[in-house]
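Lettering of chains follows the sequences in order, A, B, ..., and the numbering in each one begins at 1. Just so it is clear, the values below take in all heavy atoms, side chains as well, and ignore hydrogens, waters and symmetry mates.
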Amino acid sequence: MNMPGGKGINIACTLQILGTSVVAMGFIGGHDAHFIEETLRTLGLTTNFVYIEEKTRTNYTIVDKRRGRLTQILEKGPLIKAEEIAEFSGCFNRILSQTNFVVIAGSLPPGVKSSLISELILSAKERGIRTAVNVTEDLLLEVINSKPFLVKPDLREANKFLGERLSSLNGRKRAVTKLREWGIEIALLSFDILNQIVATQTGILEARIKEARIVNRVGVQDAMLAGFIHELEKGSGTFTAIRVGTAAGAATATTTKNWPESREAVEACLEAVEIKEV
Amino acid sequence: VKVADFMTRDVTAVTADTTLKEVAKVLSRRRLSGLPVVDREQHVIGFISERDLIDSIFPGRFAERDDIRFPNFALIATQLAKAGEKRVFEYMTREPVCIAEEATEDDAIELMITKDLKILPVTREDKLVGIVTRADLYRALIEKAEAEEE
């Protein structure tokens with residue numbers, strides 16, 4: 001199966017499927033650029049990509065259904081030139097005039113420095129627009145001073161974050177509390193693939209899936225963040241947001257796509273989500 | 001059928017101070033024949049087309065004839081290098097024809113035919129939200145015809 005992917009695209013597609021209008025931005029190039037845009041627009045997203053000189057990377061995911069194993073072969077991202085970054089910044093600043101919420105997700109391609117993320121967060125903040133950041137721990141620590149509204153670290157297979165063990169409840173609580181102490185409004189962490197913990201001003205909640213059928217892990221964590229943001233933007237509280245986010249992750253895990261099949265598929269998983277205050 | 005239902009949901013645009021060289025690059029990479037020009041708030045303030053680019057290299061050639069041929073590509077390259085640093089605001093069409101996303105398919109057809117447009121910027125409160133290309137219109141018309149047949 002050939003499909004566009006990457007954290008940003010997965011989050012954008014899940015948001016759109018759930019009913020939040022999205023403008024997808026980033027760097028694309030080469031033959032696949034048109035395919036990526038067409039696929040996103042078919043789902044109803046608006047595109048605003050910068051076309052670069054080099055070509056978009058192709059990643060391969062091999063799913064061994066019999067052994068429940070997943071192997072990924074990831075190419076190095078294309079080099080982004082200074083003028084392409086400038087073009088992106090221009091597009092980003094203009095699109096802010098039509099935006100309520102910004103999600104920054106994924107890795108930094110060669111040529112792009114972490115300071116770009118900080119600049120984007122601050123530009124959004126100047127206009128009173130909230131930002132969510134979903135990047136690796138190292139990169140997150142480089143941009144944390146710009147204080148995004150919401151943080152969800154990209155942990156993949158990691159079992160530690162900020163030196164805290166994620167296998168223990170106390171470790172998870174300490175990790176999200178540290179983020180809150182650094183001025184982050186909402187600290188969200190995923191663990192054991194389908195479960196997550198969130199810390200806000202009002203307390204800490206943990207959401208778990210009672211019964212899960214996992215066909216695929218790609219895009220699961222992205223869908224969890226998207227579901228959470230979708231509900232926040234609707235005006236729902238943290239309880240509903242983490243419930244829908246966890247359901248969106250579970251719905252994605254049952255497909256071979258990087259996002260849920262439909263809004264109904266997410267709703268069907270809501271019953272399986274258990275939430276408790278911790 | 002409303003314009004929002006069949007438009008291309010892409011908001012690629014340039015600003016008035018973009019160089020023509022940059023415009024040529026964007027048009028070529030995206031395989032487009034023109035781009036909306038927007039201000040800092042994404043309001044549509046102009047339109048720059050490949051025809052405007054050619055006009056910047058060979059002023060007045062389009063005034064003589066609709067079909068233009070270039071037998072010497074080396075000359076084009078030399079001239080483009082000279083004109084490339086010029087800015088969009090010098091050559092763009094100001095106050096371009098736009099259509100609201102709530103307008104109908106018939107409105108879009110009429111505008112594109114009567115104004116001889118290849119691309120029609122689509123707006124919401126004067127801000128760019130997409131474009132209608134001739135291909136979008138053909139696709140919408142074919143779908144409409146097929147629906148009527150059924």
Are the charged groups of Arg127(A) and Glu41(B) less than 4.0 angstrom apart, N to O? yes
Please state whether the side chain, the backbone, both or neither of Asn93(A) comes within less than 4.5 Å of a heavy atom of chain B. backbone
Within a reach of under 6.0 Å around NZ of Lys127(B), are more than 12 heavy atoms found that belong to other residues, nucleotides or ligands? yes
Answer with side chain, backbone, both or neither: which region of Arg30(B) has an atom nearer than 4.5 Å to a non-hydrogen atom of chain A? both
For chain B, which candidate among Asn48(A), Ile95(A), Val50(A) shows the most heavy-atom pairs at distances under 4.5 Å? Asn48(A)
Tell me if the CD atom of Glu110(B) is crowded by more than 12 foreign heavy atoms within 6.0 Å. no
In sequence, state the C-alpha distance, the side-chain angles, and the governing distance for Thr15(B) and Arg94(A), and then conclude on side chain to side chain contact (heavy atoms under 4.5 Å, CB included). CA-CA 10 Å; Thr15(B) 53; Arg94(A) 291 198 300 273; 3.3 Å; yes
Could you tell me whether a side-chain N or O of Thr46(A) sits under 3.5 Å from a main-chain N or O of Gly130(B), the two making a donor and an acceptor? no
Report which part of Leu45(A) has an atom under 4.5 Å of a heavy atom belonging to chain B: side chain, backbone, both, or neither. backbone
Value rounded to 0.5 Å, distance of CD in Gln42(B) from SG in Cys91(A): 8.0 Å
Between Lys25(B) and Glu53(A), is a salt bridge (charged side-chain N to carboxylate O under 4.0 Å, His left out) present by the stated rule, with each step listed? CA-CA 10 Å; Lys25(B) 204 183 278 180; Glu53(A) 195 173 312; 5.8 Å; no
Under 6.0 Å from the CZ atom of Arg134(B), do we count more than 12 heavy atoms belonging to anything else shown? yes
Salt bridge (charged side-chain N to carboxylate O under 4.0 Å, His left out) evaluation trace for Glu84(A) with Arg29(B): CA-CA 13 Å; Glu84(A) 293 164 345; Arg29(B) 284 182 185 164; 3.7 Å; yes
Nearest 0.5 Å, what's the OG1-CZ distance between Thr12(B) and Phe49(A)? 9.5 Å
Rounded distance [0.5 Å steps], CD in Glu37(A) versus CG in Asp10(B): 5.0 Å
Could you look at Ile52(A) and say if it's the side chain, the backbone, both or neither that has a heavy atom under 4.5 Å from chain B? backbone
Separation between CZ (Arg40(B)) and OG (Ser97(A)), nearest 0.5 Å, reads 12.0 Å
Chain A contact via Glu22(B) - side chain, backbone, both or neither, heavy atoms under 4.5 Å: side chain
To the nearest 0.5 angstrom, please state how far the OH atom of Tyr51(A) sits from the CG atom of Leu27(B). 12.5 Å
Is there a side-chain contact between Arg9(B) and Leu40(A) (heavy atoms, below 4.5 Å)? no
Residues 8-23 of chain A side chain polar contacts: donor-acceptor under 3.5 Å, at least two apart:
residue, atom, partner, partner atom, Å
Asn10(A), OD1, Asn258(A), ND2, 3.4
Asn10(A), ND2, Gly6(A), O, 3.3
Asn10(A), ND2, Asp222(A), OD2, 2.9
Thr14(A), OG1, Asn10(A), O, 2.9
Gln16(A), OE1, Val22(A), N, 3.0
Gln16(A), NE2, Gly44(A), O, 3.3
Thr20(A), OG1, His230(A), ND1, 2.6

Show your reasoning for whether side chain to side chain contact (heavy atoms under 4.5 Å, CB included) applies to Gln98(A) and Leu128(B). CA-CA 10 Å; Gln98(A) 294 162 290; Leu128(B) 183 68; 5.7 Å; no
